[in-house]
Amino acid sequence: MVPAKMIALCDQRSFYASCEAVFRPDIRDKPIAVLSNNDGVVVALNEYAKAAGVKKFEPYFKQRELMERQGVQVFSSNYELIGEQSRRIMETLRALAPAEIEVYSIDEAFIDMTGLSSDGIKSLSRQLRDAVWQHQRIPMGVSVAPTKTLAKLGQYATKKIPTINGVCVLERPHQWQWLAERVAVEEVWGVGRRLTSKLNAIGVRSAADLSRLSEREAKAMQGVTLVRTVQELNGVGCLDIETAPPPKQQIICSRSFGQKITNLDDLKEAVSFFSCRAAEKLRGQESYAYRLSIWVQTSRFDSEPINAESAIEIPGGSDDSRRLSQVAIDLLQGMYYPGARYAKAGVTLNDLRPHLGYQLDWLEADSVGGGSEVVMGVMDRVNKRFGRGALTLGRQVGRHNYAMQRALKSPSYLTRFTDLPLIRMG
DNA sequence: TCTGGGGTCCTAGGACCC
DNA sequence: TCTGGGGTCCTAGGACCC
């Protein structure tokens, strides 16, 4: 008997690294590592690179020598490439899925398989895996279980047990319990480093141990989130498929700079860019922000790091890039220390309220309205059609000293005519 | 003069994810 | 030269008020 609910998780293997191998068949059997923004830390590794001893989330400069010695192929983050690969993979999944899918992250999607027979689930899972390989040449694991957390657990099996060929279906309690006994608690979705050490201290070492934790203990240790995790490990669903993700309660845009910034103009340019990106996301979910905060910081490894933050109300709310950018720049004026070497800045939008049912503030002439919707609508459409950044505020035109370093970026094979891969015949 | 419970709002920091 | 990601949510605890 198949459980009442069955949720599939499709997870692209070593996604960033796999993407780099698609157009480079010559490196498919070599170690590959992909770096974060500004080539700061390693964020993705294929199996060969893991075997060579490269560590995820460790700084690149500390591992560079090891990587060179081991012949690791290193790449900067290529968002143009992986973003397009991701979009195409999700299209492939959508075409085969029985219902609308939940795109959970750039390389993961949940698919509701409720109602299918046991054989139906298995054959669809294999079909999804094969289609993504055939269309996009990205290896993918598919795990299916009654809850999202168990589906996540199933991914562990698709990675570690070669004989199941990347497909794991957990239908019965004894199946997920067998797996849970063999998976360390830190592998469980929602259990991070801090929680792991707390759990280990009371003798909880495996996912199965965690599933036996009482509600009271779970609540005391990590609040409602851990209670949910424990229930989900026992096959009781607490997290539904979200085909239309709920609007965000907070929107952040921040970046580390490609080089240290020491003058106010460059900082303004960066902060203006961050506010506009945040405003774009805000319009994407059809909300207004009633509060904006910005922060600027020097390197946290400095002997006396600076970390300044400041927030302000937006009377009447706004989703207008021009207004939010101006507010952010005004805030920045009072926070800037001449002589500091700024390494990073960010903008956060808070107190977000949906367009529908908002309270119009008739005392605030420049809040919502006044042609703002029209201008922002044009801006968004132009940028959608011609690419992000095609139409920006004058404020953002400058030296771009904050732009990130991507010294080892591969070509944008899928999104630029000049970068199309060439195949030489004969 | 000092003490108390209980509610709301806000924020900094913790913790997690990819 | 000198390097160190980005984004979201939750909650404990403080401030304030009745």
Side-chain angles (χ1 to χ4, degrees), chain A residues 9 11-19 33-45 55-65 74 76-77 79 82-83 86 103-110 148-149 152 155 185-199 218-229 239 242 245-260 262 274 277-278 281-282 285 290-291 293 295 297-302 305 307-313 341 343-352 402 404-408:
Chain A
L9 173 61
D11 183 309
Q12 322 305 321
R13 285 281 170 280
S14 312
F15 184 54
Y16 288 36
S18 299
C19 283
V34 183
L35 308 176
S36 68
N37 277 349
N38 295 316
D39 299 338
V41 298
V42 172
V43 291
L45 298 163
K55 295 272 188 315
K56 207 169 158 176
F57 296 120
E58 286 282 309
Y60 173 44
F61 77 93
K62 287 187 180 172
Q63 306 196 83
R64 193 166 179 167
E65 203 192 329
V74 189
S76 303
S77 289
Y79 296 111
I82 59 163
S86 172
V103 177
Y104 173 69
S105 73
I106 194 154
D107 62 352
E108 291 168 288
F110 288 107
K148 282 183 166 179
T149 306
K152 276 272 188 182
Q155 280 297 321
V185 72
E186 59 260 41
E187 303 286 340
V188 174
W189 193 35
V191 177
R193 238 189 37 231
R194 299 297 291 266
L195 192 49
T196 298
S197 52
K198 281 200 260 179
L199 287 166
K219 181 87 194 255
M221 196 167 283
Q222 177 92 343
V224 290
T225 51
L226 191 59
V227 175
R228 277 205 288 262
T229 300
L239 305 167
E242 286 169 352
K248 307 249 179 290
Q249 302 171 37
Q250 173 186 60
I251 290 172
I252 297 180
C253 181
S254 79
R255 298 273 189 288
S256 298
F257 305 137
Q259 57 191 87
K260 299 289 181 287
T262 51
F274 301 151
R277 275 293 296 136
K281 293 187 205 174
L282 185 64
Q285 70 168 40
Y290 284 72
R291 191 176 177 80
S293 56
W295 77 94
Q297 54 191 237
T298 57
S299 168
R300 60 197 166 98
F301 301 97
D302 281 357
N307 191 346
E309 185 170 5
S310 187
I312 193 167
E313 300 290 328
R341 302 178 70 241
K344 183 176 181 178
V347 171
T348 305
L349 302 178
N350 281 309
D351 195 2
L352 309 185
Y402 64 91
M404 60 182 142
Q405 302 280 342
R406 291 196 290 180
L408 303 165

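In this text, all values refer to a predicted model and were calculated from it rather than measured experimentally. Letters go in sequence order (proteins before strands), and every chain restarts at 1.
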Residues pairing under side-chain hydrogen bond (donor to acceptor under 3.5 Å, both in side chains) where one sits in residues 249-258 of chain A, two or more places apart or in two chains, turn out to be none
For A:Asp302, the salt bridge (charged side-chain N to carboxylate O under 4.0 Å, His left out) test, sequence neighbours excluded, returns none
Would you classify A:Arg291 as touching base, sugar-phosphate or nothing, given that sugar-phosphate means primed atoms plus P, OP1 and OP2, and contacts are heavy atoms under 4.0 Å?
sugar-phosphate
Hits for ring-ring contact (aromatic ring centres under 6.0 Å, His included) against A:Tyr60, two or more places apart or cross-chain, chain-then-number order -> none
- Query: Does A:Lys281 NZ have over 12 foreign heavy atoms under 6.0 Å away?
  - Reply: yes
Taken to the nearest whole Å, CD/A:Glu187 to C1'/B:dC18 is 14 Å
Applying side chain to side chain contact (heavy atoms under 4.5 Å, CB included) to A:Glu242 and not counting sequence neighbours gives A:Glu102, A:Pro246
Quick one: label A:Val34 by what it contacts on the DNA or RNA (base, sugar-phosphate, nothing), any heavy atom closer than 4.0 Å. nothing
Whether each nucleotide of nucleotides 3-13 of chain C has a protein heavy atom under 4.0 Å at its base (B), only at its sugar-phosphate (S) or at neither (-) is summarised, 5' to 3', as BBBSSBBSS--
The salt bridge (charged side-chain N to carboxylate O under 4.0 Å, His left out) partners of A:Arg277 (sequence neighbours excluded) come to A:Glu280
Rounded to whole Å, CG of A:Asp11 lies from C1' of B:dC18 at a distance of 10 Å
A:Arg194 CZ to B:dC17 C1', in whole Å, measures 16 Å
Taking Watson-Crick and G-U wobble contacts under 3.5 angstrom, with | marking pairs to another strand and [ ] crossing pairs, the secondary structure of DNA chain B is written ....||||||||||||||
Separation of B:dA15 atom P from A:Met221 atom CE, nearest Å, is 12 Å
Salt bridge (charged side-chain N to carboxylate O under 4.0 Å, His left out) filter on A:Arg194, not counting sequence neighbours, yields none
Can you check the distance between C:dC16 and B:dG4, where both ends of the measurement are the C1' atom (answer in whole Å)?
16 Å
Applying salt bridge (charged side-chain N to carboxylate O under 4.0 Å, His left out) to A:Arg64 and not counting sequence neighbours gives A:Glu68
